[in-house]
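This report concerns only the one structure given below.
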Amino acid sequence: DAGITQSPRHKVTETGTPVTLRCHQTENHRYMYWYRQDPGHGLRLIHYSYGVKDTDKGEVSDGYSVSRSKTEDFLLTLESATSSQTSVYFCAITGVGPSGTYEQYFGPGTRLTVT
Amino acid sequence: QQPVQSPQAVILREGEDAVINCSSSKALYSVHWYRQKHGEAPVFLMILLKGGEQKGHEKISASFNEKKQQSSLYLTASQLSYSGTYFCGRVGGGSNYKLTFGKGTLLTVNP
């Protein structure tokens, strides 16, 4: 357990409304990530962070923004939600595993439905 | 660009073996393997760091051919608990530990 929580776990929202998803970690990891998972596409990186206020885009960043004002929190915002953003969103961190290598650990996920 | 996994799906009987392949058109510096059970988060299985290196996790092992930019996951004497979707993740250059995942291979183990 890498101490990662996501909130909310489920959300239904209407097209055009802003939505913010929160990822919280308790172990002071530097690297944090947001992925979306859709059938047939696997896991795709939206944005990631390599420190407080240091973020960068992933492969599917259009329509999403992120912020990280504290080490423990990484927020994902959908400025104006669209139906194509209906997905399961996973937060992840990179930590050092038992063998000393860098591994990614995932949060439980947030299921977002945009109607 | 996402690594390409094959096969997309495989069905086994308990005790049978399976191989899942992962290939990349871009340079592979390391490969991660994850397993995801339905409705759950992906879970780390192993990381391959060097060309030709093999690693193991229970009866699951993997190889990494840096030259061919390929990795393979070997599941031996499969158990019902091995069912799930397996993802490989490619790490390219740079130091931000950014993973690009394949689309996954759905493995079903039946009694």
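Nothing here was measured: the structure is a model prediction, and the numbers come from that model.
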Turns out that what part of Q5(B) lies under 4.5 Å from chain A's heavy atoms comes down to neither
Whatever's closer than 4.5 Å to a heavy atom in chain A on Q2(B) counts as side chain
Can you confirm whether K37(B) is buried at NZ, in the sense that more than 12 heavy atoms of other residues, nucleotides or ligands lie under 6.0 Å from that atom? yes
Among G89(B), P42(B), G104(B), G102(B), the residue with the most heavy-atom pairs under 4.5 Å to chain A is P42(B)
Heavy-atom contact with chain B under 4.5 Å, split by part of [X]:
X: L43(A); value: both
X: Y102(A); value: both
X: E103(A); value: both

From the list H41(A), R111(A), R44(A), E59(A), the residue making the most non-hydrogen contacts under 4.5 Å with chain B is H41(A)
Answer key: most heavy-atom pairs under 4.5 Å with chain B among G40(A), P108(A), G109(A) is G40(A)
**Item:** Modelled atom types, side-chain donor and acceptor of Y35(A) and Q104(A), under 3.5 Å
**Value:** yes
Under a 4.0 Å threshold between the charged nitrogen and the carboxylate oxygen, would R68(A) count as salt-bridged to D54(A)? no
Heavy atoms of A77(B) and D17(B) approach each other most closely as N-OD1, 2.8 Å
Fill in: Side chain to side chain, D73(A) and C23(A), heavy atoms closer than 4.5 Å
no
Taking side chain as C-beta onward, heavy atoms only, is H32(B) less than 4.5 Å from F87(B)?
no
